[in-house]
Structures are given as structure tokens and as C-alpha cells.
Q: 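Below you'll find the structure I mean.
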Amino acid sequence: FFILLNHIVHNGGLYKRPFNEAFEETPMLVAVLTYVGYGVLTLFGYLRDFMRQWKIEKCQNATEREEQKDFVPLYQDFENFYNRNLYMRIRDSWNRPICSVPGAKVDMMERVSHDYNWTFTYTGRVIKDIINMGSYNYLGFAQKAGTCQEAAAKVLSQYGAGVCSTRQEMGNLDKHEELEKLVARFLGVESAMAYGMGFATNSMNIPALVGKGCLILSDELNHASLVLGARLSGATIRIFKHNNMQSLEKLLKDAIVHGQPRTRRPWKKILILVEGIYSMEGSIVRLPEVIALKKKYKSYLYLDEAHSIGALGPTGRGVVEYFGLSPEDVDVMMGTFTKSFGAAGGYIGGKKELIDYLRTYSHSAVYATSLSPPVVEQIITSMKCIMGEDGTNVGKARVQQLAENTRYFRRRLKEMGFIIYGNEDSPVVPLMLYMPAKIGAFGREMLKRNIGVVVVGFPATPIIESRARFCLSAAHTKEMLDTVSVSSCVPSSCAFYKQIQQLSVFCGLVQCLVYKLLNLMFKALCSRAGDDTISFLASTMQNGCLQ
């Protein structure tokens, strides 16, 4: 914390509040064991591939037909090696079908596999009241009763379920216009535009903003939608280290000094891509420093608030409000309705000239079908609730409850000795598992205790940083969080102690071997020197080996 305060002062008091983030380095022993674990899995994977090739084991993965053996391969066999031999072992930890509203608790369909997770069979049984720690239902608006549901049902009866057209043709409803004005007012910007898909909001709009001759500076941990949008744009892409302002500034300096490759002409635009909350790390962007660098080097800033809008700030207006900054300092404010608002789609907010340009040139605006009217009404109702325009304090209370739940749950896990990543105010809480054996074990054991949690491993994370990811909600009660935190100890400890037991046997053999070698060395010295001290040490080592 002392280092953190120095950092804040060094940056000229840019931060108006403490900014505490923790990313504990992977312990060396754990890193070595993790690499060994993946190595063993890889060796057995090659062995099983050999057995499949010789028909000793049944091959169930996608392969080319015999008559197509002279074709260019449609399936790259080696690229699927991880899926076949590593992912398939723990495939039951993902894609679990739920059959209820993704609220604080969910109902899940039970399934079993009789062929080691290649296929699943549904038993017909429904597992009731599983504590939901995996959905991005930050403010608890994913519900089947209440004002949002009633308003959406009313609009459904009036407008129907779909629009069947794009915004530029016959798909522009009065509800869409109302939503965009409300979003602009909520964000504090001149204008806004809504889209039917959050992923496409990034991937289809970035190519409309930059192109050849432009430079994109992207955080190394940016979401796949930002990465895809940057690649589709045709602009030059350079990556800076996660939340590292020194790395970002160096790239900005080099871009201005050297210009474009070969021609050395100035870049047409320099666009910085960052996220508000990084959903795999639980970290919050250092927005005050990013804005300071953006102004210093006269570049543009694209801020993805998919996870931070509604979840951060005193009134839920995202990371800009969280740091007490002005929305005018962010050139492109992007966010989604799929998380805090319990709906679907995304938005972009900014100056009127920017939004008017996107209405004409954005592929999402020109070709994509408009948002469904009931979904639009869900967003409008929930957003008005957050803003307090429904005449209640329910929205403000939900924002405050989420903040309290976040701090309480993070504190509980730290007190219990877990290594957790991210910012203390982030509702995304990664709990580090590290070893591959823990990924499947943790997810299965938590489900046995009626807790649904997302586990994540390589290649979604670095190979030695597998984790479980908890997503907190205002709908969670303190009792639920206590149940989850206590239950987390059991599966984590079971997997840990099994690995420690295996490790102790291995270390015992290594230790015995080392003692034996040292014993032989000392005996050799004794035979040459005949020293009583060396003889004593040799006997001591021999006794130690026997023990």
C-alpha cells in the first residue's frame, strides 16, 4: 500500500481514491508442479493418439473421410490435440444447461457421461436452487417477476417479439429512439446508439473508426471482440502490457517519433483500446493515467465498459464515474446491456458527430437486425431504476449492495488464505487454482455443494494461472456468500492435499537418492583422507537416508 501511495503522488494526484489491486506471483513450486502436470497430460495425450491410430482406443474426434485423404485437411489434427486429450477430461465443467432465470439461484439439468465426456445424457432430473456465482447479473435485474418483467411483457403484447428489419429500413421503432436518448443521458454524452449484440458492437464498429494508416494500441488482455475488431480494421496493431502505463507511453512516443513503417509519415489516427473491468483478471483500468497520456500525445480513447457499466461508481455509471472523471475525456464509450441490465445488446456513446457517422458507416447499423422490443423495454426500465427515475431508491440500493457484497466476499476469501486477483472494488473475483487437476475437481465439488462456479484454464489464461471466477451480484445475500466461501475451502483442499501427498512421495524418493549420492561421496572422501569428522558426517547422512 505504501508503494501504491507513492505511485499516486508520482502521477500528480490523478487518483481521487485509493486504487488497490493484487496480483500475487505464482509460487515457484506451484509453477513447476503445474508444468509437470501439463507435461504428464501431454505425454498421455500422445499415447492415446497412438492407441487411436492403431484402433486400440475408439476415436471420437472429427476426422477426414478416407476418400478425402488427398484433399487439403479441413481439420488440423494437431490443433485439436488440446481439445481431445486435455479439455475433454474436464468438459463436464462447462456448458451446463440451466432451466430457470439466471438469478441469485438457478435450476440446472442433470447430465451424465458414459464415454469420458465425449457425449452427455440427460437424466431428466433437475438440480434445484444452485447458488449462481457464474452469471454477469451484477445488479440482479435478471428476474422473472417485478417491474422490468411486467414492462417487457406489456411491450411484447404491443410490438411483438421481433422487428424483422434493420434500423435503416423498417426496423427503427420509437422504443429504440427512447432507449438511445436515455443511454446518452445516463452516460452524460451528446448522443448514443444501441446495437443488437454486444460482441458485434466492438467487432463491427472499430473497423468503421480506423483503417489502413491508423495505429491501434491495445491492452494485452483485451476481450476477443476488441481483438477481432482491431484485426478487421486493417490498422496496425501494437500491444502494451496489461494496465502498464510505462509500456503504453513508450508505444505512444515511438509512434509519434517514428511514424508509419517505411514511409515515416505520421499516423492518421492513434486509437487506444482498453476495458473498464477486465473480466478474467478482475482488474480495473487505470483510466486517469490513460486519459492523461491520451491528452499528452493527442490520441483517441476507446473504452469498453461491458463489465463496469452499472457495476462501478456511486450511481452505477461505470469506471468514468468511479474515478470522478468527465465523460468528455473519453472519445468512444462502449458498453453492453447483457450484464448489469439483464438484457441483450450493446451501445456506443460520444459526440453527436461520431454517432451520426456510425449510423451511416457501421456494419452493425446497416446490416444487423434491430433490438427486440421486449429487450429494449427491459433495458429502459432497469436503467430508469438505476437512475432513480422510477420514483424509488431500488436502483441506488442495488448498486450499493453490489459494492458491499464485493468488498465482503473478497475480504472473506483473503482471510481464509486464498490467492485472489484484481481490484478490491471489482465484482469479478478470480480465485487462483494453478494446477490442472484442480480445474475439474473444483468445479465438480462445488456443484456437489449446490454452487455453480466458472473454472478457467489454459488457453483462456496463462498455463500456470488456472482459476475459478466468481461473479458477484446485488441479489446475493450474506448467507449465500458465506456458504460459497466456506465451501470453496473443501474442494480446493481436497485437490491440494492429494497433490501434496503425491508430491511428498516424489520428494521422498528424490531426497533418498540425494542422501545416497552424498553418502557415497563422503565414503569416498573417508577412504582417501581417513578423517574422523568426515566419517561422522558420512554416518549421519546414512542414518538420515534410512530415516
Q: Is it the case that R111 places NZ or CZ above or below the six-membered ring of Y122, under 6.0 angstrom from the centre and within 45 degrees of the axis?
A: no
Q: Side-chain contact, heavy-atom cut-off 4.5 Å: T236 with Q260?
A: no
Q: Please determine whether side-chain hydrogen bond (donor to acceptor under 3.5 Å, both in side chains) holds for the pair Y302 and N202, giving the CA-CA distance in whole Å, both sets of side-chain angles, and the decisive distance to 0.1 Å.
A: CA-CA 10 Å; Y302 186 109; N202 278 332; 2.6 Å; yes
Q: So H242 and F23, would you call those rings parallel, tilted or perpendicular, with 30° and 60° as cut-offs?
A: perpendicular
Q: Quick one: side-chain contact (heavy atoms from CB on, under 4.5 Å) partners of L481, sequence neighbours excluded?
A: M133, N405, Y408, F409, L472, H476
Q: For A343 versus V375, what's the shortest heavy-atom pair and its separation?
A: CB-CG1, 3.9 Å
Q: Is there a donor-acceptor contact under 3.5 Å from the side chain of D107 to the main chain of I130?
A: no
Q: Minimum heavy-atom separation for V428 to Y138, with atom names?
A: CG2-OH, 3.4 Å
Q: For a 4.5 angstrom cut-off between non-hydrogen side-chain atoms, does K294 reach Y300?
A: no
Q: Using the salt bridge (Lys or Arg N to Asp or Glu O under 4.0 Å) rule, collect all pairs that involve residues 205-233, keeping only residues at least two apart or in two chains.
A: none
Q: Is there a side-chain contact between R52 and R84 in this structure, where contact means two heavy atoms from C-beta onward sitting under 4.5 Å apart?
A: yes
Q: Could you note down all residue pairs passing salt bridge (Lys or Arg N to Asp or Glu O under 4.0 Å) where residues 420-432 supplies at least one of them, sequence neighbours left out?
A: R17-D425, R407-D425
Q: Taking atom CD1 of I284 and atom OG of S426, what is their separation to the nearest 0.5 Å?
A: 5.5 Å
Q: With heavy-atom distances below 4.5 Å as the criterion, would you say the side chains of L287 and L301 are in contact?
A: yes
Q: Any heavy-atom pair between the side chains of I277 and Y322 that's under 4.5 Å?
A: no
Q: Any chance you could measure R48, atom CZ, to Y46, atom OH, to the nearest 0.5 Å?
A: 15.0 Å
Q: Does D129 pair with K105 as a salt bridge, N-O distance under 4.0 Å?
A: no
Q: What distance do M108 atom CE and N450 atom CG have between them, rounded to the nearest 0.5 Å?
A: 9.0 Å
Q: Taking the side chain as every heavy atom from C-beta outward, state whether S485 and F418 have any atom pair closer than 4.5 Å.
A: no
Q: Side chains of F44 and V40, heavy atoms from C-beta outward: is any pair under 4.5 Å?
A: yes
Q: Please identify which of these residues, T483, D482, T477, meets the side-chain contact (heavy atoms from CB on, under 4.5 Å) condition with M480.
A: T477
Q: Do L248 and L293 come close enough that some side-chain heavy atom pair is under 4.5 Å?
A: yes
Q: With a 3.5 Å distance limit and no angle check, can you tell me whether N222 reaches the backbone of S218 through a side-chain donor-acceptor pair?
A: no
Q: Consider only side-chain N and O atoms of Y87 and N117, and report whether a donor and an acceptor are under 3.5 Å apart.
A: no
Q: Taking all non-hydrogen atoms of both residues, which atom of S203 and which atom of L228 are closest, and how far apart?
A: CB-CD2, 3.9 Å
Q: When you measure from the side chain of S473 to the backbone of N137, do you find a donor-acceptor pair of N or O atoms at a distance under 3.5 Å?
A: yes
Q: Are any side-chain N or O atoms of N132 and backbone N or O atoms of G103, one a donor and one an acceptor, separated by less than 3.5 Å?
A: yes
Q: CH2/W267 to CG/L215 distance, rounded to the nearest 0.5 angstrom?
A: 5.0 Å
Q: Do you know which two heavy atoms are closest between Y38 and I439, and how far apart they sit?
A: OH-CD1, 4.0 Å
Q: Please answer whether the main-chain N or O of R286 pairs with a side-chain N or O of N243 as donor and acceptor at a distance below 3.5 Å.
A: yes
Q: Using ring centroids (six-membered ring only for Trp), state whether F341 and F141 fall under 6.0 Å.
A: no
Q: Using ring-ring contact (aromatic ring centres under 6.0 Å, His included) as the criterion, list what pairs up with Y136, not counting sequence neighbours.
A: H307
Q: Let me confirm one number: the NZ-OG distance from K128 to S100, rounded to the nearest 0.5 Å.
A: 8.0 Å
Q: Does anything in residues 24-43 form a salt bridge (Lys or Arg N to Asp or Glu O under 4.0 Å)? List the pairs, not counting sequence neighbours.
A: none
Q: Can you check whether H223's main-chain N or O pairs, donor with acceptor, with E275's side chain at less than 3.5 Å?
A: yes
Q: Checking the side chain of S233 only, and the main-chain atoms of A230 only, is there a donor and an acceptor separated by less than 3.5 Å?
A: yes
Q: Any donor-acceptor pair under 3.5 Å linking the side-chain atoms of T123 with those of E110?
A: yes
Q: Can you give me the closest heavy-atom contact between S113 and T119, atom names plus distance?
A: OG-O, 2.8 Å
Q: Hey, what do you get for CE (M334) to CD1 (I309), rounding to the nearest 0.5 Å?
A: 11.0 Å
Q: Provide the full list of salt bridge (Lys or Arg N to Asp or Glu O under 4.0 Å) pairs with a residue in residues 461-472, sequence neighbours left out, each pair given once.
A: E281-R467, E465-R467
Q: Give the C-alpha distance, both sets of side-chain angles, the deciding distance and a yes or no for side-chain hydrogen bond (donor to acceptor under 3.5 Å, both in side chains) between N423 and S283.
A: CA-CA 5 Å; N423 193 285; S283 56; over 6 Å; no
Q: What are the two closest heavy atoms between T42 and F81, and how far apart are they?
A: O-CZ, 3.5 Å
